Protein chains: 2
Amino acid sequence: MNAESAIEALGALAHDHRLAAFRLLVQAGERGMAAGAIATVLGLPNSSLSFHLAQLRGAGLIVQQRQHRSLIYRANYPAMNALLGYLTENCCAGSDCTAEALCPPSDNERKSA
Amino acid sequence: MNAESAIEALGALAHDHRLAAFRLLVQAGERGMAAGAIATVLGLPNSSLSFHLAQLRGAGLIVQQRQHRSLIYRANYPAMNALLGYLTENCCAGSDCTAEALCPPSDNERKSA
DNA sequence: ATTTCATTTCTATTTTTCTGGAAATATGTT
DNA sequence: AACATATTTCCAGAAAAATAGAAATGAAAT
């Protein structure tokens, strides 16, 4: 994680619709949600939502996967953790900052984080 | 911490100059830095920097204090932690997310965090 | 192969944010 | 009081981001 990608991720989250979409996906968990479903829940036109999902995806915060006719989106926990890690890493400037425990992404990654 | 202030803080950090300024202040620690010094280090016109410092301050991420002729800025660790807490709080959606350890702001707050 | 459905890309418009010089404000100095 | 210094506010222009309708794409069903 460098400054550029941190800014991209922060900027992606720093928007009403995108933060809402991201949190929706975080709550949806492994199952994820189809673009249309997200648009319905958030009450957004498809084109608008698509724009925002692309932003989140460009920042690496969410992941896309086709399932039948729909495109399923999922939160990318490791990317989320990388961002938090970056922010805490540059925090406290050498003093005893013990920021470590972030969000364990999923069962199969818990031991390697 | 609610969505609105989280977005404000995220947006404040999601900018080249502001992230640089914030990290500079984080590294400066308790001592802080005068606006002019920050402007010099970052190579920005005073008016431009002032705009960005105001953004960070509006988001509550930094704090201002006059010292002689200069305005000293300091990072606001508790606010930083609140933001990280908000992001991790809404992470993992009820599963075993143990995100807790953030950045201990200062010696006198370490025991109450 | 054609149709259908879900989603994205295109495009123009609007809105917001960023920039930096000049003037104003606030503090400290002589 | 007059001056010097540090920083902010004002302003207008420039740049970037958001919006949403319409057209295009892509995958699957018939």
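Bear in mind the structure is a predicted one, so any value in this text is a computation, not a measurement. All heavy atoms count here, side chains included; hydrogens, waters and symmetry mates do not. Below, chain A is the first sequence line, B the second, and so on; all start at residue 1.
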Open item on the list: To check you understand the geometry: which heavy-atom pair defines the closest contact between Val26(B) and Tyr77(B), and what is its length?
Closed with: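 So the minimum-distance heavy-atom pair works out to O-OH, 3.0 Å.
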
- [ ] For residues Ala34(B) and Ser70(B), report the shortest heavy-atom separation together with the two atoms involved.
- [x]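 It is CB-CB, 3.8 Å.
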
Closer than 3.5 angstrom, by distance alone: can the side chain of [X] be matched with the main-chain N or O of [Y] as a donor-acceptor pair?
X        : Y        : answer
Arg18(B) : His52(B) : no
Ser5(B)  : Asn2(B)  : yes
Thr40(A) : Gly36(A) : yes
Asn76(B) : Val63(B) : no
Arg66(A) : Arg69(A) : yes
Arg31(B) : Arg74(B) : no

Using a 4.0 Å heavy-atom cut-off, does [X] contact any base of the nucleic acid, only the sugar-phosphate backbone, or nothing at all?
X        : result
Ala39(B) : nothing
Ala54(A) : nothing
Arg18(A) : sugar-phosphate

Can you tell me if the side-chain N/O atoms of [X] get under 4.0 Å from OP1 or OP2 in [N]?
X        : N       : value
Gln64(A) : dT8(C)  : yes
Arg66(A) : dT7(C)  : no
His17(B) : dT19(C) : yes

TODO: Walk along DNA chain D from 5' to 3' and tell me the first and last nucleotide with an atom closer than 4.0 Å to a non-hydrogen atom of chain A.
DONE: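 Contacts span dA18(D) to dA29(D), reading 5' to 3'.
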
Whole-Å gap separating [atom2] ([N]) and [atom1] ([X]):
X        : N       : atom1 : atom2 : value
Gln55(B) : dT19(C) : CD    : P     : 10 Å
Asp16(B) : dT17(C) : CG    : C1'   : 14 Å
His68(A) : dT4(C)  : NE2   : C1'   : 16 Å
Gln67(B) : dG28(C) : CD    : P     : 11 Å
Ile7(A)  : dC18(C) : CD1   : C1'   : 14 Å
Tyr73(A) : dT7(C)  : OH    : P     : 8 Å
Ile72(A) : dT8(C)  : CD1   : P     : 11 Å
Leu53(B) : dT17(C) : CG    : P     : 17 Å

Open item on the list: Using a 4.0 Å cut-off on heavy atoms, which residues in residues 43-52 of chain B reach DNA chain D? List them by number, or say none.
Closed with: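 Those residues are Asn46(B), Ser47(B), Ser50(B).
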
Open item on the list: Working note: Gln65(B) + Tyr73(B), criterion side chain to side chain contact (heavy atoms under 4.5 Å, CB included); need CA distance, chi angles, decisive distance, verdict.
Closed with: CA-CA 6 Å; Gln65(B) 187 187 23; Tyr73(B) 285 91; over 6 Å; no

